[in-house]
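When a ligand or atom number is given, it counts from 1 through the structure's own listing order.
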Amino acid sequence: MVAIKPLSFFRTPVVVTLLGFLFLVGPLLLSARSAQAAVIVLDPGHGGSDSGAGRGSEFAEKQYTLALAQKIAVLLEARHRVELTRTADVQMAPADRAAVANHLRADLMISLHAAVAPYCSDRTATVYYHNDERLRIPFGTSSQGMPTESDVDRPAWNQLQIQHQHHSQDLAATLKRSLGESDTFDSVTVSGVPLAPLMGADLPAVLVEVGCIHPAAATNRQTLEQQLDGYAASLAHAIETALPGLVP
Ligand SMILES: [Zn+2]
């Protein structure tokens with residue numbers, strides 16, 4: 001047995017290499033561990049008597065968004081906690097959707113919707129973040145600084161998302177970049193508009209509109225499943241790409 005002096009021990013080539021490796025890889029390991037701890041809320045748009053686009057057709061938007069959310073969840077839940085705002089064909093108020101994410105203290109929320117023909121194609125997506133200039137007026141005051149009846153009546157939850165607008169805008173930009181690089185989409189755009197399901201979300205949140213509902217066309221279930229699989233894979237990858245910028 002050979003006694004090694006502490007100083008010479010730390011100078012051995014193996015230890016120097018190991019310390020160098022940890023110095024370089026340590027931050028990556030830490031960010032990977034953070035990403036594993038993420039809580040992701042997926043919000044399938046519409047539900048119940050609110051069918052969304054393609055009302056009355058065999059596979060309306062409410063079914064489309066739920067199927068898509070479930071496919072994304074399967075891809076992400078090995079590494080993250082993924083919760084859906086609804087898992088069945090039920091109607092939900094916009095405020096209740098944001099409340100699910102707030103209650104879970106989630107790291108991000110993505111509301112899922114689909115566009116409707118003829119204003120879309122199967123290879124386009126739009127990422128929306130909440131932007132409503134009217135709600136920038138401080139709660140309880142008018143634009144002149146005087147309280148008004150309508151301002152007092154306005155519930156405070158309407159303003160929660162505005163505090164996260166920059167993070168949500170960054171999230172939208174990251175998702176756009178990642179989705180645009182995938183083989184699934186030819187065109188991905190970002191837009192800031194008032195969004196009822198997100199205005200009460202106290203966390204980074206976006207609404208993604210993917211795919212194209214064709215109400216008049218017969219639904220080929222196998223083609224649709226393949227299309228949703230492609231969207232889900234691209235969205236799951238885009239969410240993974242965005243997480244390091246969101247999870248502390
Ligand atoms: Zn919709």
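- With respect to V127, the side-chain contact (heavy atoms from CB on, under 4.5 Å) criterion is satisfied by exactly one of I110, V188, T174, V210: V188.
- Within the protein, the N, O or S atoms lying under 2.8 Å from the Zn ion (ligand 1) are H46 NE2, E61 OE2, H113 ND1.
- The pair K71-E225 meets the salt-bridge criterion, since a charged nitrogen lies less than 4.0 angstrom from a carboxylate oxygen.
- Remark: E77 does not engage R81 in a salt bridge, criterion side-chain N to carboxylate O under 4.0 Å.
- Between H164 and D202 the shortest side-chain heavy-atom distance falls below 4.5 Å.
- Judged by distance alone, with hydrogens and angles left aside, the side-chain atoms of S111 form no donor-acceptor pair with the main-chain N or O of L207 at under 3.5 Å.
- A salt bridge is defined here as a Lys NZ or Arg NE, NH1 or NH2 lying under 4.0 Å from an Asp or Glu carboxylate O, and K62 with D50 fails to meet this definition.
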